[in-house]
Amino acid sequence: MSTILFYEKPGCSNNSRQKAQLAAAGHMVIAKNLLTEPWTRERLLQFFGSLPVHAWFNPAAPKIRDGEIDPATLDADTALAMLRAEPLLIRRPLIEVDGQRMTGFDASTLSVWLGQPILVNTASQSCLRHHPS
């Protein structure tokens, strides 16, 4: 089984369900706080791969949800500066397995990486508990 680094927002019920799914499949999940991690531009880019800039953002983050920030209008440099300054904006979880990295919980990709099917949880992608600003 694999060791999975799982960068989450502590208290997010969806992240908790995702970690439980991975652990139930026999994997060691090491949870890390996405909000306090010392992110660099280069390190964040490793998780985003070829995703378009707007897909780097958590659509449920208050500033995005309320229309204060429109990720579709941002270039990569501006987006990375914003994400580093306010990690709550980062689409989560960030996952690392054996040097491979992704943003978001993509069960299809994880199934390939882990060599076993990961069931998709149909629960909402947003957290029920909000992080204080």
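These figures come from a predicted structure and were not determined experimentally.
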Between the NZ atom in Lys19 and the CG atom in Asn14, the distance rounded to the nearest 0.5 Å is 11.5 Å
Ala31 and Glu8 have their tightest heavy-atom pair at CB-OE2, 3.3 Å
Rounded to the nearest 0.5 Å, the CG atom of Leu34 sits from the CD1 atom of Ile90 at a distance of 4.5 Å
Got Ile4 and Leu114 here, is their nearest side-chain heavy-atom distance under 4.5 Å? yes
Keeping the roles fixed (side chain from Arg101, backbone from Gly99), state whether a donor-acceptor pair exists under 3.5 Å. yes
One should read off an interatomic distance between Glu96 CD and Ser2 OG, to the nearest 0.5 angstrom, of 12.0 Å
Q.
Starting from Trp113, can I reach Met1 by hopping between I/L/V/M/F/W/Y residues whose side chains sit under 4.5 Å apart?
A. no
| So do the side chains of Ile95 and Thr109 get within less than 4.5 Å of each other, counting heavy atoms only? | no
- Query: So do the side chains of Leu89 and Pro71 get within less than 4.5 Å of each other, counting heavy atoms only?
  - Reply: no
So CD of Gln100 and CG of Leu110: to nearest 0.5 Å the spacing works out to 9.5 Å
Smallest heavy-atom separation, Ala107 atom then Ile118 atom, equals CB-O, 3.5 Å
- prompt: Are any non-hydrogen side-chain atoms of Phe6 and Asn15 less than 4.5 angstrom apart?
  reply: yes
Is it true that Leu5 and Val112 fall in one hydrophobic cluster, defined by side-chain heavy atoms closer than 4.5 Å? no
Residue pairs meeting ring pair (Phe, Tyr, Trp, His ring centres under 6.0 Å), one or both in residues 57-90, sequence neighbours left out, come to none
Heavy-atom closest pair (Leu94 atom, Leu44 atom, distance to 0.1 Å) is CD1-CD2, 4.1 Å
Residues 28-37 vs side-chain hydrogen bond (donor to acceptor under 3.5 Å, both in side chains), sequence neighbours excluded, gives Glu37-Arg43
Taken in chain and number order and not counting sequence neighbours, the residues that satisfy ring pair (Phe, Tyr, Trp, His ring centres under 6.0 Å) with Trp39 are Tyr7, Phe47
With side-chain contact (heavy atoms from CB on, under 4.5 Å) as the criterion, how do Leu88 and Asn58 come out once you've worked through the C-alpha distance, each side chain's angles and the decisive distance to 0.1 Å? CA-CA 8 Å; Leu88 188 61; Asn58 173 9; 5.6 Å; no
For residues 10-35, the ring pair (Phe, Tyr, Trp, His ring centres under 6.0 Å) pairs (sequence neighbours left out) are none
CG (Leu45) and CG (Leu80) are apart, to the nearest 0.5 Å, by 4.5 Å
Closest non-hydrogen contact found for Arg91 with Thr103 is O-OG1, 2.8 Å
Residue pairs passing the side-chain hydrogen bond (donor to acceptor under 3.5 Å, both in side chains) test with at least one member in residues 70-80, sequence neighbours excluded, are Arg41-Asp77, Asp75-Thr78
Item to check | Heavy-atom check, side chain of Val29 versus side chain of Gln18, under 4.5 Å | outcome: no
Those residues at least two apart in sequence (or on a different chain) that pass side chain to side chain donor-acceptor pair (under 3.5 Å) with Ser16 are none
